[in-house]
Protein chains: 2
Amino acid sequence: MRVPKKERQQELLQTIEQNPFITDEALATRFRVSIQTIRLDRMELKIPELRERIKHVATERLDDVRTLTENEVIGDMIDLKLDTSAISILEILPEHAFSRNAIARGHILFAQANSLAIALIDDELALTTRANVQFTRSVHVGERVVAKAFVSSHRQDGRSDITVESYVGEECVFIGEFTVYRSSKEESK
Amino acid sequence: MRVPKKERQQELLQTIEQNPFITDEALATRFRVSIQTIRLDRMELKIPELRERIKHVATERLDDVRTLTENEVIGDMIDLKLDTSAISILEILPEHAFSRNAIARGHILFAQANSLAIALIDDELALTTRANVQFTRSVHVGERVVAKAFVSSHRQDGRSDITVESYVGEECVFIGEFTVYRSSKEESK
DNA sequence: ACCACTATTATTACCTGGTACTAATAGTAG
DNA sequence: CTACTATTAGTACCAGGTAATAATAGTGGT
């Protein structure tokens with residue numbers, strides 16, 4: 001035997017996970033076994049065939065993209081009082097973090113806070129013009145970040161100041177002050 | 001003729017665009033023509049076959065996710081002098097912007113700047129601890145944002161201050177001051 | 001040495017969703 | 001009636017599989 005069965009199957013799992021686009025034939029040459037062996041392995045491990053894997057990636061990714069880009073809010077908004085306060089929760093996943101130490105990247109926490117601040121404004125258009133943020137504790141993969149946003153002032157000049165505080169449990173991990181420009185309804189008429 | 005050719009091809013384009021997972025057979029019954037006609041249409045319109053379309057969606061989406069998550073740097077880094085300065089370019093795509101007005105979301109520009117600032121630090125670990133940013137002009141879909149980062153000071157306490165200025169053409173669209181904590185090499189030994 | 005058993009490989013028939021090519025047919029305009 | 005376009009049909013072939021059956025290699029126990 002080149003490599004024990006169990007070992008090969010473990011590697012097979014990893015290999016396919018990180019490159020779902022690989023064919024049985026390529027896997028066979030890679031592990032120096034026959035195609036049939038690869039297929040038996042896939043059956044045992046319940047790994048679907050190439051085309052199904054690709055299809056899965058295509059549909060899955062469609063959801064994923066929206067979590068970080070197309071969605072109005074990054075994270076799940078669980079409470080919203082327009083022009084007053086809002087709360088969202090974001091679970092930190094491996095792709096949100098540095099692979100070396102599993103610490104969430106700063107801009108992920110910023111994105112959660114910023115999108116929450118924007119969603120809070122009850123206007124046709126809201127744009128961030130300024131932000132002052134502090135990352136008070138590093139957040140790790142698996143932790144759930146609860147962001148709480150509240151409007152601290154509605155200025156006369158069409159801007160609002162919003163404070164966002166993010167917590168993991170009792171601990172504050174992020175504080176941000178955002179100034180948001182709003183295309184106030186009165187103005188636009 | 002059920003429906004003129006041109007008309008059918010227009011609908012075909014739309015149909016496939018909003019559901020790339022449809023087979024020629026399904027399209028044939030849908031448009032009440034033969035499979036061959038659908039294939040001629042696809043050839044004329046240069047639409048690839050089902051499997052290629054799915055594959056395309058799968059890899060495209062993969063890239064998108066990485067725009068905000070897995071990549072080390074958001075945007076393309078085109079210049080890097082460690083601990084000194086760095087430049088990256090990011091083209092604003094529809095998914096980076098509000099759909100209503102095609103204006104880039106604030107956290108996208110922040111992410112570009114933040115990741116560039118982190119990449120700039122020549123240390124095992126770098127984490128943003130504070131940021132002060134201004135969005136001086138709104139950026140639209142299709143524009144290319146050039147972010148220029150430079151270290152303004154290496155403090156004794158293991159922190160560095162980095163300034164990032166982002167431009168679209170000659171116009172400054174974003175200014176940010178980041179304070180980054182570095183796990184200095186000397187310290188870790 | 002022999003048997004049992006597992007792992008591996010080979011072979012064959014069949015499937016989907018196509019490509020590539022050739023040929024026949026229908027409809028329409030000049 | 002002819003030329004031309006649009007459509008349909010049919011055949012051979014391909015990738016990347018499923019499913020099932022059988023043969024072979026290697027290993028452990030007694």
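Between A:Lys148 and A:Glu165 there is no salt bridge, since none of the side-chain N atoms of the basic residue sits less than 4.0 Å from a carboxylate O of the acidic one.
Ranking C:dT19, D:dG17, C:dG17 by closeness to the A:Leu50 side chain, first place goes to D:dG17. When distances are taken from the side chain of B:Thr23 to each of C:dT9, D:dG17, C:dG18, the shortest belongs to C:dG18. The B:Leu40 side chain lies nearest to D:dT7 when the options are C:dG17, C:dT9, D:dT7. Comparing D:dA15, C:dT19, D:dA6 by their nearest atom to the side chain of B:Asp24 picks out C:dT19. Nearest to the side-chain atoms of B:Arg39 among the listed nucleotides D:dT8, D:dT7, C:dT19 stands C:dT19.
When each of B:Gln36 and B:Glu49 is assigned the nucleotide of DNA chain C with its nearest heavy atom, B:Glu49 is the one assigned upstream, toward the 5' end.
Per the geometry, CD belonging to A:Glu52 stands 12 Å off C1' belonging to D:dT18, to the nearest Å. Rounded to whole Å, the distance from CZ on A:Arg32 to C1' on C:dA7 is 19 Å. Between the CD1 atom of B:Ile38 and the P atom of C:dT16 there is a distance of 19 Å, given to the nearest Å. In this structure, the CD1 atom of A:Ile35 is 16 Å from the P atom of D:dA19, given to the nearest Å. The distance between atom CZ of A:Phe31 and atom C1' of C:dA7, rounded to the nearest whole Å, is 16 Å. D:dT5 atom P lies 16 Å from atom CE of B:Met43, rounded to whole Å. In this structure, NE2 of A:His56 is placed 19 Å from C1' of D:dG17, rounded to the nearest angstrom. Remark: P of D:dT5 and NZ of B:Lys6 are 14 Å apart, rounded to the nearest angstrom.
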Apply the test side-chain contact (heavy atoms from CB on, under 4.5 Å) to residues B:Arg42 and B:Asp24: give CA-CA distance (whole Å), side-chain angles for both, the deciding distance (0.1 Å), then the verdict.
CA-CA 9 Å; B:Arg42 275 204 296 103; B:Asp24 286 358; 2.7 Å; yes
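Here A:Thr37 reaches the OP1 or OP2 of C:dT9: one of its side-chain N or O atoms lies under 4.0 Å away. Within the 4.0 Å cut-off from OP1 or OP2 of C:dT19, at least one side-chain nitrogen or oxygen of B:Arg42 is found.
No engagement by B:Arg53 is indicated, since no non-hydrogen atom pair under 4.0 Å with the nucleic acid exists.
In this model, no donor atom of one side chain and acceptor atom of the other lie less than 3.5 Å apart for B:Glu177 and B:Asn132.
At least one donor-acceptor pair closer than 3.5 Å links the side chain of A:Thr129 to the backbone N or O of A:Thr179.
Judged by distance alone, with hydrogens and angles left aside, A:Arg51 brings a side-chain donor or acceptor within reach of the base of D:dG16, the pair sitting under 3.5 Å.
When all heavy atoms of A:Phe174 and A:Ala113 are compared, the pair lying nearest together is CE2-CB, 3.4 Å.
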